[in-house]
Amino acid sequence: MNIKKTILAIETSCDETAVAIVSFVKRDNGVDYKVLAHALYSQAEKHAVYGGVYPSLAKREHQKNIIPLLKIALKEAGIEMEKKKVLSQEEKDSVEDMCGQDETLKDVLLQMLEYERPKILDYIAVTRGPGLAPALWVGVNAARSLAFVWDIPLIGINHMIGHIVIGFANGENIPVVETPILAVLVSGGHTEFVFKKKSGDNYEKIGETLDDALGESFDKVARMLGLGYPGGPRISEYATRSRIRGKTDLIPFPRPLTQKDTLNFSYSGLKTAVRRVVESYEKLEEHTKEDIAREFEDAAIETVLKKTQYAIETHKPKTFVLGGGVAANTLLREGLTNMQKIYPDIAFYIPDCALTTDNAVMIALSAWFERGNLSDPLTLSANAKESL
Ligand code: KG4
Ligand code: ZN
């Protein structure tokens, strides 16, 4: 019999507060799923003045928004709630312990928990890392408290696994994928290749950035050009205008580490090269900004494409998947779509643009595969540096 399971997931690792509720039915060809609710609040605009994510602001925003989003998600998913008897002193004390110093979260949580609980919810999942510690803790503490008081099994999820799993999902099904699997993960905090040799193995990191992450370099260059945060989409917008206009007079930027047989990346040299050019102008006209954005994007993305090809040649995967916020980049997506033609025997998975940046659906989907690996609500902790 195909049993239906429903998972509520929470994501607060960076500057997106997100709650999703997803139902699953196992099939022979994988698992069918339905997103019942997807409540997300992006703080990006609030961080824009800092040109990047400001951790204590992220924490405050998560504290303020997590419970309202949870209530919206429960309602949107049509999860039936029943009246909860008054909380016991033990339950109150435990929530207080789990929230630690976090008085704001404790108060809103206790208020909510005091009067209702979901009738049917099979698991609660939460991102435990990697990410910004103060931000992660808000989600982890909320999830622990909910799981404890509602007596629902808790699953801690690695954020980067979420970025991989969402790549396999097609909107209604996650197929069984063949190993070996090669993933390239490109986000604001990560730029790495991970490899899973056979089913049951963990993902192993086979290459990573030695300095800046790819998304971070987009954000930093956007800041130099005064384009705002997040930089990725802004840089692409400017670069596209330059391409439409035609040739540029700029000398192309270096393609870092592409001459060497390595799967590691380095983006700080490219960033410095951009800075030098920016500083050579007394005043940056719009068309110069557009040309710089274009040359930067060409160099940054060509590097990923070259390295990906090298990783494919050396590791011979059957499945390739792209993940992380920079997966929304059109140039990267087009480059990989073309590469797919060179390797017809490899299944390429490129995620739906709408779900490339941080969200809780990816955490719920990962939790389906991790449901045999439960966490104790009293002891689960956030791990800012968690590896795969
Ligand atoms: O995965 P994500 O939402 O958060 C982290 O876990 O870091 O990734 C955010 C990053 C930001 O650096 C943002 O500038 C970048 O992804 N990004 C892009 C694009 N959209 C978002 N970079 C390049 N091109 C894009 N279209
Ligand atoms: Zn992310």
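As the structure lists them, so they are numbered: ligands from 1, and atoms in each ligand from 1. Count residues from 1 along the sequence.
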Task: Test of proximity, D219 against ligand 1: N or O pairs below 3.5 Å - done: yes
Open item on the list: Looking only at distances, can you tell me whether any N or O atom of G232, backbone or side chain, sits closer than 3.5 Å to an N or O atom of ligand 1?
Closed with: yes
- [ ] May I ask you to list the atoms of ligand 1 that are less than 4.0 angstrom from any heavy atom of H159?
- [x] 6 (O)
Open item on the list: Starting from V86 and following side-chain heavy-atom contacts under 4.5 Å between hydrophobic residues (I, L, V, M, F, W, Y), which residues can be reached?
Closed with: none
Open item on the list: Can you give me the closest heavy-atom contact between W137 and L380, atom names plus distance?
Closed with: CZ3-O, 4.3 Å
TODO: For atom 24 (N) of ligand 1, grab the closest protein heavy atom and report residue, atom and distance to one decimal in Å.
DONE: N329 ND2, 3.0 Å
Open item on the list: Tell me the protein heavy atom at minimum distance from atom 8 (O) of ligand 1, and give that distance in Å.
Closed with: G325 CA, 3.3 Å
Task: Distance-only side-chain donor-acceptor flag, D212 / S268, under 3.5 Å - done: no
Task: Atom indices of ligand 1, in the order listed, that fall short of 4.0 Å to a heavy atom of P233 - done: 19 (C), 20 (N), 21 (C), 25 (C)
Task: Residue list, side chain to side chain donor-acceptor pair (under 3.5 Å) with R255, at least two apart or on another chain - done: E302
Task: Heteroatom proximity flag, G324 to ligand 1, N/O under 3.5 Å - done: no
Open item on the list: Would you say E208 and H190 are linked by a side-chain donor-acceptor pair, where the criterion is simply a distance under 3.5 Å?
Closed with: no
- [ ] Verify whether one side chain among T319 and E178 offers a donor that lies under 3.5 Å from an acceptor in the other.
- [x] no
Open item on the list: Please list the nearest protein heavy atom to atom 10 (C) of ligand 1 with its residue and the distance rounded to 0.1 Å.
Closed with: G188 N, 3.5 Å
Task: Pairwise side-chain contact, L146 with I10, heavy-atom cut-off 4.5 Å (strictly under) - done: yes
- [ ] With the Zn ion (ligand 2) as the centre, enumerate protein N/O/S atoms below 2.8 Å in chain and residue order.
- [x] H159 NE2, H163 NE2, D358 OD1
Open item on the list: Below the 3.5 angstrom mark, is there an N/O of G215, backbone or side chain, next to an N/O of ligand 1?
Closed with: yes
Open item on the list: Under a 4.0 angstrom heavy-atom cut-off, which atoms of ligand 1 come close to T357?
Closed with: 3 (O)
Task: Any side-chain heavy-atom pair of Y349 and V177 under 4.5 Å - done: yes
Task: H163 N/O to ligand 1 N/O under 3.5 Å - done: yes
- [ ] Could you grab the distance from atom OH of Y203 to atom CD1 of I161, nearest 0.5 Å is fine?
- [x] 6.0 Å
Task: Atom indices of ligand 1 within 4.0 angstrom of V326 heavy atoms, with elements - done: 15 (C), 16 (O), 18 (C), 22 (N), 23 (C)
Open item on the list: Once rounded to the nearest 0.5 Å, what's the spacing between atom CZ of F296 and atom CG of L250?
Closed with: 14.0 Å
Task: Close N or O approach (P230, ligand 1; < 3.5 Å) - done: no
Open item on the list: So, regarding T356 and ligand 1 (criterion: nitrogen or oxygen to nitrogen or oxygen, under 3.5 Å), is there a contact or not?
Closed with: no
Task: SB check D291 R245 (cutoff 4.0 Å) - done: yes
Task: For D201, side chain to side chain donor-acceptor pair (under 3.5 Å) partners two or more places apart - done: K198
Open item on the list: When you measure from the heavy atoms of C14 to every atom of ligand 1, does any distance fall below 4.0 Å?
Closed with: no
TODO: Starting from atom 4 (O) of ligand 1, locate the nearest protein heavy atom and write down its residue, its atom name and how far away it is, to 0.1 Å.
DONE: D358 OD2, 3.2 Å
Open item on the list: One residue to check: H190. Relative to ligand 1, which of side chain, backbone, both or neither has a non-hydrogen atom less than 4.0 Å away?
Closed with: neither
TODO: Give the atoms of ligand 1, by number and element, whose distance to some non-hydrogen atom of G189 is under 4.0 Å.
DONE: 7 (O)
- [ ] Answer whether the closest heavy-atom distance between the side chains of I301 and F218 falls below 4.5 Å.
- [x] yes
Open item on the list: Which residue is it: T357, L69, V361, N359? I am looking for the one with a side chain to side chain contact (heavy atoms under 4.5 Å, CB included) to L40.
Closed with: N359
TODO: Under the ring pair (Phe, Tyr, Trp, His ring centres under 6.0 Å) rule, what do F369 and F24 come out as? Steps first, then yes or no, please.
DONE: CA-CA 11 Å; F369 298 98; F24 297 83; 8.0 Å; no
Task: Under 4.0 Å to a heavy atom of G231 - the qualifying atoms of ligand 1, by number - done: 14 (O)
